[in-house]
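Heads up, the thing below is written out as structure tokens.
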2 protein chains.
Amino acid sequence: MARTSGSRAEITGPLVRGEARRLFARQGYAAVSMRQIAAAVGVQAGALYAYTPDKQALLADLLESHMQELLAAWTDAPEAPPLARLERFVRFHIDFSLDHADAVFLSYMELRNLTPENFARIAALRGRYEAVLEQILRAGVAEGQMRIEDAKLTTLALIAMLTGVTNWYREGGRLDRDRIAQIYWGLARGAVGA
Amino acid sequence: MARTSGSRAEITGPLVRGEARRLFARQGYAAVSMRQIAAAVGVQAGALYAYTPDKQALLADLLESHMQELLAAWTDAPEAPPLARLERFVRFHIDFSLDHADAVFLSYMELRNLTPENFARIAALRGRYEAVLEQILRAGVAEGQMRIEDAKLTTLALIAMLTGVTNWYREGGRLDRDRIAQIYWGLARGAVGA
DNA sequence: GTCTATAATCGGATAGAC
DNA sequence: GTCTATCCGATTATAGAC
């Protein structure tokens, strides 16, 4: 941890982002000081400014790269039956959310701390992700496998429901991930009338 | 707004709580200064300390009284059929959440900024509210009106889904409240296998 | 109950040496 | 790339007058 001097950009860069993500998620963006991040990384506060122009850009980078990673990680199978696609989406969303719990939490909590420009960019990425699910639901209705009153609302409702696992899931709890995903898939299937 | 002096405790007290709730919800607890709250109320910063021992107690009071109000507002009808009780709960939760959007947002976002003692008290209140829904679900299963794999998980999933409306609902939007509640009731009914 | 003034600390960000 | 030192403004909370 403690260290005197020397250049190690390759490891410090990712470390800064990782510690910032962890601290922002646990205490909130505004409550975390640059000095605190620096201490967690093992450098002095001034050194952080070699990696980010300011604190705001650090937050925006974390949120944007999270959304980009989320979109990149999802691979659809448009030819598959809509119900199978929905099941894959449910499992994917739960797994990804639990694997990136800090970033997910940040993405919900700290949007309000972004400048309008940064907010708009990240909200657009979120919209693209929501469109993924909405498209699946519309295909399910079109093919008669789902009964849905409003595809847009159902999209938002399902994503909120699935993301909610990050609020209570703990490693080694009563239910393992597969079982949780199975239960949530049952809820989602019922909600879309299948 | 601007004012020089004089005692007006009866109106200042609620005003402090109201402005603090609004500002905390919009910018986050840590990002809001006591000076900012004071300015919104129309007093100087020092005057706030006649109403709260410190900033932390102000937050804890807001969250606790919100949970107390939520619990007090719900009136069950234990003799009614479980499905009817669930529908009432869905509508109640959406209405109450939209009527107290700032407090709901706060209750989700700022738990991490509470001291452990304050956190424990408020988490217990939340648990009592969750138990309300869980009991309805168990009654529904017992009476054969619902098919549920795990009542506890389904409780958390439904509450997360319903509370999610606060993230996107805007007065005067595409759908009015009744229509939204109707759609969510359809989703919830399907999720519990009814 | 509210004001003004202030104590004591901490915040983000920068400059210049190495 | 990192450190030390520092600028300067903002922060919470308190003291004492009214």
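In the text below, chain A, chain B and the rest are named by the order of the sequence lines, each starting its count at 1. Values in this document were obtained by computation on a predicted structure and should not be read as measured data.
Here Gln44(A) reaches the OP1 or OP2 of dT4(D): one of its side-chain N or O atoms lies under 4.0 Å away. The shortest distance between the side-chain N/O atoms of Thr12(B) and the OP1/OP2 oxygens of dT2(C) is below 4.0 Å.
Judged as a ring-ring contact (aromatic ring centres under 6.0 Å, His included), the pairs with a partner in residues 24-45 of chain A (not counting sequence neighbours) are, in order, Phe24(A)-Tyr29(A). For the side chain to side chain donor-acceptor pair (under 3.5 Å) condition, the pairs that include at least one residue of residues 180-189 of chain A, sequence neighbours left out, are Arg179(A)-Gln182(A). Listed by first and then second residue, the ring-ring contact (aromatic ring centres under 6.0 Å, His included) pairs involving residues 118-175 of chain B are Phe89(B)-Tyr129(B), His93(B)-Tyr129(B) (not counting sequence neighbours). Sorted pairs that involve residues 139-148 of chain A and meet side chain to side chain donor-acceptor pair (under 3.5 Å), not counting sequence neighbours, are lacking altogether.
Between the CG atom of Leu48(B) and the C1' atom of dC3(C) there is a distance of 12 Å, rounded to whole Å. In this structure, CD of Gln36(B) is placed 12 Å from C1' of dT11(D), rounded to the nearest angstrom. With rounding to whole Å, Glu10(A) atom CD is found 9 Å from dT2(D) atom P.
Side-chain polar atoms of Arg17(A) and Ser65(A) form a donor-acceptor pair below 3.5 angstrom.
Taking Glu110(A) as the reference, Arg112(B) meet the salt bridge (Lys or Arg N to Asp or Glu O under 4.0 Å) condition, with sequence neighbours excluded. Taking Asp76(A) as the reference, Arg85(A) meet the salt bridge (Lys or Arg N to Asp or Glu O under 4.0 Å) condition, with sequence neighbours excluded. Scanning for side chain to side chain donor-acceptor pair (under 3.5 Å) contacts around Asn167(A) gives an empty result, with sequence neighbours left out.
Only at 4.0 angstrom or more do the heavy atoms of residues 15-28 of chain A sit from any atom of DNA chain D, so none qualifies.
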Pull out every protein N or O sitting under 3.5 Å from an N or O of nucleotides 12-15 of chain C, one pair per line with the distance.
{"from": "dG12(C)", "atom 1": "OP1", "to": "Val32(A)", "atom 2": "O", "distance (Å)": "3.4"}
{"from": "dG12(C)", "atom 1": "OP1", "to": "Met34(A)", "atom 2": "N", "distance (Å)": "3.4"}
{"from": "dG12(C)", "atom 1": "OP1", "to": "Lys55(A)", "atom 2": "NZ", "distance (Å)": "3.1"}
{"from": "dG12(C)", "atom 1": "OP2", "to": "Met34(A)", "atom 2": "N", "distance (Å)": "2.8"}
{"from": "dG12(C)", "atom 1": "N7", "to": "Arg35(A)", "atom 2": "NH1", "distance (Å)": "2.9"}
{"from": "dG12(C)", "atom 1": "O6", "to": "Arg35(A)", "atom 2": "NH2", "distance (Å)": "3.0"}
{"from": "dA13(C)", "atom 1": "OP2", "to": "Tyr49(A)", "atom 2": "OH", "distance (Å)": "3.0"}
{"from": "dA13(C)", "atom 1": "OP2", "to": "Lys55(A)", "atom 2": "N", "distance (Å)": "3.1"}

